[in-house]
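Below: one structure, written as structure tokens.
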Amino acid sequence: MKRYFNLGLLVLLLWVFTLLSCHRETVVTPIESTKLLNGTWKITKALRNGTDLTSRFDFSGFKIVFQDSTYTLDSLVPFPVTENGAFHLDDPKYPFKLFLKAGDGDYKELNMDYPINAGVRNIIISFSPGCSSNTYQYTLQKVN
Amino acid sequence: MCMLSKLLQKIKGARLWQAALLLLLTTVVIISCSITIDSIDQPDSVQGGETLTSTLHVTINTNDTRSAKFMVALLVPKVWNASGNAKITFTSSITTGTQTMSAIPAGTAAPQAGGKDWPTLIADKIGNGGNLLPGWEWVAFYSDKAYSVVANDAITVTITIKAKVSNDNLSFKLGYVVANSSDGLSDAQYYASAFPGCFRVFGQGDLMDYCNPQLSSIDPLSAMDNDIITLNFDAGVIDSELKDADELYLCLKGVTTKGDTLDGCAQNDRTRLSTYALKKWRIDIWPRQFFNLSKSQQLESLVYYFTDKTGQVKVGKDGTGAVPFTYTFKCQ
């Protein structure tokens, strides 16, 4: 009889502890930040049709400064635009396209990735400045 | 008890023998599977813009019953755009009438290839047929239907390839691969490849010679003046006065669409080539920047030599200073 009593007590205590261990879970939805390109960016890697040209061609003459919705450009390398102008992203939170508009011209659409590699934010853009069969991919990093 | 133990041992021994026999039979059957390209009917040349017709005679020896699609891949110059301009059909001893094939969309994973698509898999495993310039590609086709085969059958297949070639003037080493959608290139017995030699297209423009080593080549083969182009010089191809040079320079002239000639011939840091392998030199230029073109100017072609540091020794197309190299800007 005593053994049954002890077993009942144990089950009761387990039930109480189980109930006490429950708590309301708060689900926090992460808020993706808006991507701001503001700053000066330079080329750190350049591919032509997959061939790495970074150390073979002088890309140091390229500099693009994004500020709010405009950009200014110093370009001594092939690039989709050659003059200063306006820009916007297809989605400020999840950008996959960068649109550049030089002067009064039309917007040029560039494919874009925005990864963080080794703790550093990169912009990777791809485009064809000459023949459409030749694809260039530039990796840009912000100048500190 | 002792008898029971012996009986059990006999049974185990028999099972072992059965398993060994089964393994042996399986091995024999698998080894007996094969696919071969017996012969190829292909012309030596065509005129630019015409259609190349090739016929492959293939034999497939089956080892088991299965259903799979037939795969044919072509090694061709990219400028032909073979995925859109080539048609492949076949007849066989197990089908009635002409069977059709369609280009496999790029990126479609090949079987047993770790996610690689057919062009990547074939390039990795079989190569590029010895073509010496960039601008080649493997284009793979699947039969539109899957076919069931029975074990131990010898199937003959006649494949007809009709590929409309571009107007480009070129010589190229064509290649062919046959396989199936089930085994892929997982083992040498499951596929066959053939490279029938150098094929010539008498087209327009400078000759793009994939077959023979070139004294000079430009990469990409198709480019505009707003591309970065690489001018290569292979000093080991023929005996020229620059064969053993320790410094090389580019003597370049640009011809605009209006017929003006722009002179970029000099021996300085801007025109100096770098060496990247024994007797192999190259220089990367952006023609618009090199000639400081205005917005309204556009280049139609380049005329160039390679020189020593004095500029006195010039080497052009024939290894002397008599005929310059030429390059015409164009897109595919």
Side-chain angles (χ1 to χ4, degrees), chain A residues 42-64 71-85 96 98 100-111 113 124-140, chain B residues 77-81 83-84 106 119-120 123 133-137 166 168 218-232 269-277 280-300 302 327-332:
Chain A
K42 302 202 90 173
I43 294 171
T44 56
K45 188 175 183 183
L47 307 178
R48 178 195 62 202
N49 299 334
T51 302
D52 195 338
L53 298 179
T54 316
S55 60
R56 289 168 43 179
F57 189 85
D58 183 9
F59 291 94
S60 64
F62 177 90
K63 184 177 75 174
I64 188 164
Y71 69 87
T72 51
L73 187 70
D74 284 331
S75 177
L76 295 172
V77 299
F79 200 66
V81 289
T82 54
E83 295 171 354
N84 300 336
F96 286 101
L98 171 64
L100 298 174
K101 181 185 175 187
D104 297 329
D106 296 328
Y107 274 103
K108 298 270 176 72
E109 179 183 314
L110 284 70
N111 290 324
D113 281 327
I124 301 175
I125 50 173
S126 52
F127 55 93
S128 297
C131 288
S132 59
S133 57
N134 298 327
T135 305
Y136 295 70
Q137 188 183 77
Y138 291 167
T139 301
L140 311 179
Chain B
K78 272 187 184 175
V79 288
W80 288 7
N81 187 21
S83 59
T120 309
L133 297 176
W136 51 267
E137 65 175 346
S166 67
D168 297 282
I218 291 190
D219 183 23
L221 292 173
S222 299
M224 297 300 284
D225 60 10
N226 203 26
D227 278 301
I228 295 173
I229 59 171
T230 305
L231 296 95
N232 297 286
D269 284 349
R270 215 165 67 106
T271 61
R272 189 166 58 205
L273 280 76
S274 351
T275 181
Y276 63 95
K280 291 183 189 293
W281 301 77
R282 69 184 171 204
I283 183 170
D284 302 286
I285 63 161
W286 176 27
R288 290 203 70 80
Q289 178 200 42
F290 189 90
F291 290 107
N292 197 20
L293 298 182
S294 66
K295 270 187 178 178
S296 61
Q297 283 180 307
Q298 194 176 350
L299 287 179
E300 186 174 83
L302 298 175
Y327 179 79
T328 306
F329 289 103
K330 65 175 189 310
C331 293
Q332 291 170 12

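Not measured: the values here are computed from a predicted model. Letters go in sequence order (proteins before strands), and every chain restarts at 1.
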**Request:** With rounding to the nearest 0.5 Å, note down the distance linking CZ in F79(A) to CG in N226(B).
**Result:** 11.5 Å

**Request:** Name all pairs fulfilling the salt bridge (charged side-chain N to carboxylate O under 4.0 Å, His left out) condition that reach into residues 222-232 of chain B, sequence neighbours left out, sorted by first residue then second.
**Result:** D225(B)-R288(B)

**Prompt:** So which of S133(A), C131(A), G130(A) has the biggest tally of heavy-atom pairs under 4.5 Å with chain B?
**Reply:** C131(A)

**Message:** Can you tell me if K330(B) has over 12 outside heavy atoms packed within less than 6.0 Å of its NZ?
**Reply:** yes

**Complete:** The side-chain hydrogen bond (donor to acceptor under 3.5 Å, both in side chains) partners of R56(A) (sequence neighbours excluded) come to T230(B), D284(B)

**Request:** Examine whether an atom of I283(B) lies under 4.5 Å from a heavy atom of chain A, and if so say whether it belongs to the side chain, the backbone or both; otherwise answer neither.
**Result:** neither

**Request:** Please flag which part of L53(A) lies under 4.5 Å from any non-hydrogen atom of chain B: side chain, backbone, both or neither.
**Result:** side chain

**Message:** What part of L221(B) gets within 4.5 angstrom of chain A, counting heavy atoms only: side chain, backbone, both, or neither?
**Reply:** neither

**Atom group of K78(B) that falls short of 4.5 Å from chain A, counting heavy atoms** = neither

**Prompt:** Can N134(A) and M224(B) be said to form a side-chain contact (heavy atoms from CB on, under 4.5 Å), step by step?
**Reply:** CA-CA 10 Å; N134(A) 298 327; M224(B) 297 300 284; over 6 Å; no

